[in-house]
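Every chain is numbered from 1, with letters handed out A, B, ... down the list of sequences. Atoms considered below: every heavy atom in the structure, side chains included; atoms not considered: hydrogens, waters and symmetry mates.
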2 protein chains.
Amino acid sequence: MSNGVNAKDVARLAGVSQSSVSRVFFGGASVSEKTRQKVLAAAEELGYIPNEFARSLITNKSKIIGLVMKGIKNPFYPQVLKEFTVAFKKLGYSILFVHTNHDEIQKEDVKMLLHYNVAGVIITDAALSLNLSEDFKKFKIPLVLFNRKVEKQEFFSVCTNNLEASRQIAEFLIQKGCTDMVYISGDRNTSTSLEREKGFFEVVEKHQLPYERYDSDYSYQGGYDTTRLILKKGRIPSAFFVANDIMSFGVLDALREHSIEVPGQVKVVGFDNIDMASWPIYNLTTWEQPISEMVDETVEYMLAEIEEYTGATGNVEIRGKLIKRKTT
Amino acid sequence: MSNGVNAKDVARLAGVSQSSVSRVFFGGASVSEKTRQKVLAAAEELGYIPNEFARSLITNKSKIIGLVMKGIKNPFYPQVLKEFTVAFKKLGYSILFVHTNHDEIQKEDVKMLLHYNVAGVIITDAALSLNLSEDFKKFKIPLVLFNRKVEKQEFFSVCTNNLEASRQIAEFLIQKGCTDMVYISGDRNTSTSLEREKGFFEVVEKHQLPYERYDSDYSYQGGYDTTRLILKKGRIPSAFFVANDIMSFGVLDALREHSIEVPGQVKVVGFDNIDMASWPIYNLTTWEQPISEMVDETVEYMLAEIEEYTGATGNVEIRGKLIKRKTT
DNA sequence: CTGAAAGCGCTTACAG
DNA sequence: CTGAAAGCGCTTACAG
C-alpha cells in the first residue's frame, strides 16, 4: 500500500477511472479541465503521491541519475555534487550517490545503478574500463565522464580546457620572469594531471627553460611532502605549477615553514579555484574551473541522450580562466 | 524490458518456474541446491539483474535511504556523506542525495523521497518542522537528525556530547590560564551551536570569569570577519572557543594578519576535527566528533526501525574527545 | 522443494 | 475526452 493511498483511491473519491487519475499526474495526455479539477481535489484531500517505482516499472525509465564520485575530500567535488543535485532536481531527477575508492570504477560500484535502471550515470574523479562501459552501452544508459577524459574518445566527457589552461599558466609565469619551474602532478593515471603537465611543459620547452616534474597525488599532504622533499635538496625553483588547489595549499604551507617568500622568492599557481583559494592566508593564483557551465553542459547532454539514446562520444571542453591573486 | 533480461527469461533457460528464480535471488526461501545452480548459471549467462523497482513495488519497501544535507561546504559533511554511503552500501542500501538551502527543510526538499518510498531518511545540518515530520510518521518512514537535535525530543537524533565537550574545553582553557574568553557561535538556530555555548559559559561563569559571545554563521568568512571586528575594538581576549573548525581557520587567519601570536597571546579551540585541523598551518586544538561511531549508531537505529517501525525518539550522544594541538 | 496464479501501483494502447 | 483491460517485473501465499 505504498504510502497509504493509490491512484485507485483517488479515482474512487473523484468519481473517475484510475486511467484519468494517471493522465492528470503523468501529463502529456488530454484530460478535460473538469476531470482534472476533480482528480486534483481528491488527490489533495487524500494526500496522494504517485509511486515512482510503479511508474518506472511501466515506463522502463527511471528519474534517477547515478553519480559516482571518488575524491570527496577535495572540496571541488562536493561543490560539483551540489550543483548536479540542484540542476537535476529542477528537471525532476534525483541523484543516487555512489562513492568509490577505485581510480577505475569497478563492477561492484555500479551494480546498484543497474539494479535501479538509472536514467544516466555521471562519473567524476575516476575512470572506467571499456569492459564495464559495455554494460552501460548494452542497456543504453548515457554516461558522462566529468573532469576526466579517455584518450580515444570512447566516452562523452566534460572538462575544462586543461591543455590551453596550462599553456597560459606557463606563459604567464615566464612573463613574470620565472626561469626554473616545477610541476607537481596529481595522480598520473588521470587525464587531467597529464594534460596539465603536457601543456605546461610544452611552453616551457619552447622557451628552452629548465623544468622538473614531481609526482604527487592531488592531496594536501602530497603537496606538502613533495615540497619539503624538494627544499631538502636545497633547491628553490622560481615557480611551482601544482595540479590542483588543495595540493597548492600544502606547497604554500611547506614554503611558509621554511620562511620562503611567496611570491617574492617562489611563485605558485594552482588549479580549480575552490573557495579556499581566496582565503587570505592562501590567496592563491589559480585556474578557475567553471563548474556551473560544466554541469550545465553535462546535464544538457544527459537530457538529450535520455530523450533519444545515441551513445555519442566526444570530449567537450569548457573554457576556464586564470584568477590572479597574491602567489604570483 | 528493463535492462533486457528478466526473471522469466532466466526461468526458461534454466528450465524452472519464475518463482524459483525469484527465490534464488531474493533469499530467505528454500530452494534445492540443484535448482539454485541451474538458475545461477542461466542468470550468469544472460546477465540477469533483478529489477529493484518491481521488487520495491511488491515488497513495499525500498532499499533507498534519503540523505538530506545542507552544509556541503563544511568538509565535515562530505565526510559524513561518504561514511553513510559506505556503511549503507554494505547493507544493500543506496543513498538518494538531497541538497537543501533551508535551515529548516521544506516540503519540496523531501517530496522526492516520498515519491521513492524511501526506507529511511537522515537529515544533517538542518532541522525540520513538526508539520513535515508528520508525513514521515504517517508513512512510517524512520527519521534521524544527524548532528542536530530538537528541544523536546520529538525525533531521534545522533550527536556528539556537545554540552560535556564544551564544558571540558572551558575547563581546559581556564586551566591553561585563560581569563577572558570569547565564544564565536555558529548559526544560533542550530542546537549544536547553542549547546556548545551553554556548556562553555556554564563553566566560565562558575569560575566567575568574564566572557563574551559573538554571533557568526559556521563559515570561514564568518570566523574571519568576526575576529577582525573584535580586534578592531582593540580587544584581545585570552581565548576563542569557536563553534566549528572551519570558522576557527578564519579566526586564525585574521589573528595572523594582525600578527597576534597563537597560542602565546590568544588560544583558539575549534570543534569537529576535520582533516584540515591537522594541517601544519593551522594545527588546531579541537573537539573530535567521532563520525564513524555516530554513523554506526545512526545505521543501527535505521535498520531496527526498518525491520519494525516504532517511531522511537530520543537523543543519542556519542562521546568525542579533545585533540590538543598547537593553538592552545 | 516447486509451480501456477494473484497482485503491487502504475501507464498506455484500444475502443467508444 | 474517458474507461476497461493488459502488462511492466517482480514476490508470495497457496497447493501439491
Pair assignment for DNA chain D - dot-bracket with | for other-strand partners, Watson-Crick or G-U under 3.5 Å: |||.||||||||.|||

Residue pairs fulfilling side-chain hydrogen bond (donor to acceptor under 3.5 Å, both in side chains) with at least one residue in residues 295-305 of chain A, sequence neighbours excluded: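 Qualifying pairs: E305(A)-T310(A).
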
Tell me: [atom1] of [X] to [atom2] of [N], nearest whole Å?
X: E52(A); N: dT11(C); atom1: CD; atom2: P; result: 9 Å
X: R36(B); N: dT2(C); atom1: CZ; atom2: P; result: 10 Å
X: R12(B); N: dG9(D); atom1: CZ; atom2: P; result: 12 Å
X: L57(A); N: dC8(D); atom1: CG; atom2: P; result: 9 Å
X: F53(A); N: dC10(C); atom1: CZ; atom2: P; result: 12 Å
X: E33(B); N: dT2(C); atom1: CD; atom2: P; result: 10 Å
X: H115(B); N: dG9(C); atom1: NE2; atom2: P; result: 16 Å
X: K38(A); N: dG3(D); atom1: NZ; atom2: C1'; result: 13 Å

OP1 or OP2 of [N] sitting under 4.0 Å from any side-chain N/O of [X]?
X: S56(B); N: dC10(D); result: no
X: Y48(B); N: dC10(D); result: yes
X: N51(B); N: dG9(D); result: no

Side-chain donor/acceptor pairs under 3.5 Å, residues 69-80 of chain B, sequence neighbours excluded:
unit_1	atom_1	unit_2	atom_2	d
K70(B)	NZ	D103(B)	OD1	3.2
K73(B)	NZ	D275(A)	OD2	3.1
N74(B)	OD1	F76(B)	N	3.1
Y77(B)	OH	N147(B)	ND2	3.1
Q79(B)	NE2	E83(B)	OE2	3.1

Taking atom types as modelled, is there a side-chain donor on S157(A) or R148(A) under 3.5 Å from an acceptor on the other?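 Absent: no donor and acceptor within the cut-off.
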
Pick base, sugar-phosphate or nothing for V16(B), based on heavy-atom distances below 4.0 Å to the nucleic acid.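 The answer is sugar-phosphate, as V16(B) gets under 4.0 Å only of primed atoms, P, OP1 or OP2.
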
Among residues at least two apart in sequence or on other chains, which ones pass salt bridge (Lys or Arg N to Asp or Glu O under 4.0 Å) with D187(B)?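 D187(B): no salt bridge (Lys or Arg N to Asp or Glu O under 4.0 Å) contacts found.
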
So, are K149(A) and E317(A) salt-bridged, with charged N and O less than 4.0 Å apart?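 Yes, this pair counts.
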
Determine all donor-acceptor pairs shorter than 3.5 Å in which one atom belongs to a side chain in residues 33-43 of chain B; sequence neighbours excluded.
unit_1	atom_1	unit_2	atom_2	d
E33(B)	OE2	Q37(B)	NE2	2.6
T35(B)	OG1	S32(B)	OG	2.8

Going by ring-ring contact (aromatic ring centres under 6.0 Å, His included), name the residues that satisfy it together with F146(A), two or more places apart in sequence or in a different chain.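 In terms of ring-ring contact (aromatic ring centres under 6.0 Å, His included), with neighbours along the sequence ignored, F146(A) is linked to F84(A).
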
Can you list the residues that meet the ring-ring contact (aromatic ring centres under 6.0 Å, His included) rule with F136(A), with sequence neighbours excluded?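 Checked F136(A) against ring-ring contact (aromatic ring centres under 6.0 Å, His included); zero matches.
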
If you check every side-chain atom of T35(B), which of dC10(C), dT2(D), dT2(C) has the closest atom?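 For T35(B), the side-chain atoms sit closest to dT2(C).
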
Look at the side chain of A54(B) and decide which nucleotide, out of dC10(D), dC10(C), dC8(C), has an atom nearest to it.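 Closest of the options to the side chain of A54(B): dC10(D).
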
Using a cut-off of under 3.5 Å, enumerate the N/O to N/O pairs linking the protein to nucleotides 12-16 of chain D.
unit_1	atom_1	unit_2	atom_2	d
dA13(D)	N6	R23(B)	NH2	3.3

Listed pairs under 3.5 Å, donor-acceptor, residues 91-100 of chain A side chains, sequence neighbours left out:
unit_1	atom_1	unit_2	atom_2	d
T100(A)	OG1	H102(A)	N	3.0
T100(A)	OG1	H102(A)	ND1	3.2
T100(A)	OG1	D109(A)	OD2	2.8

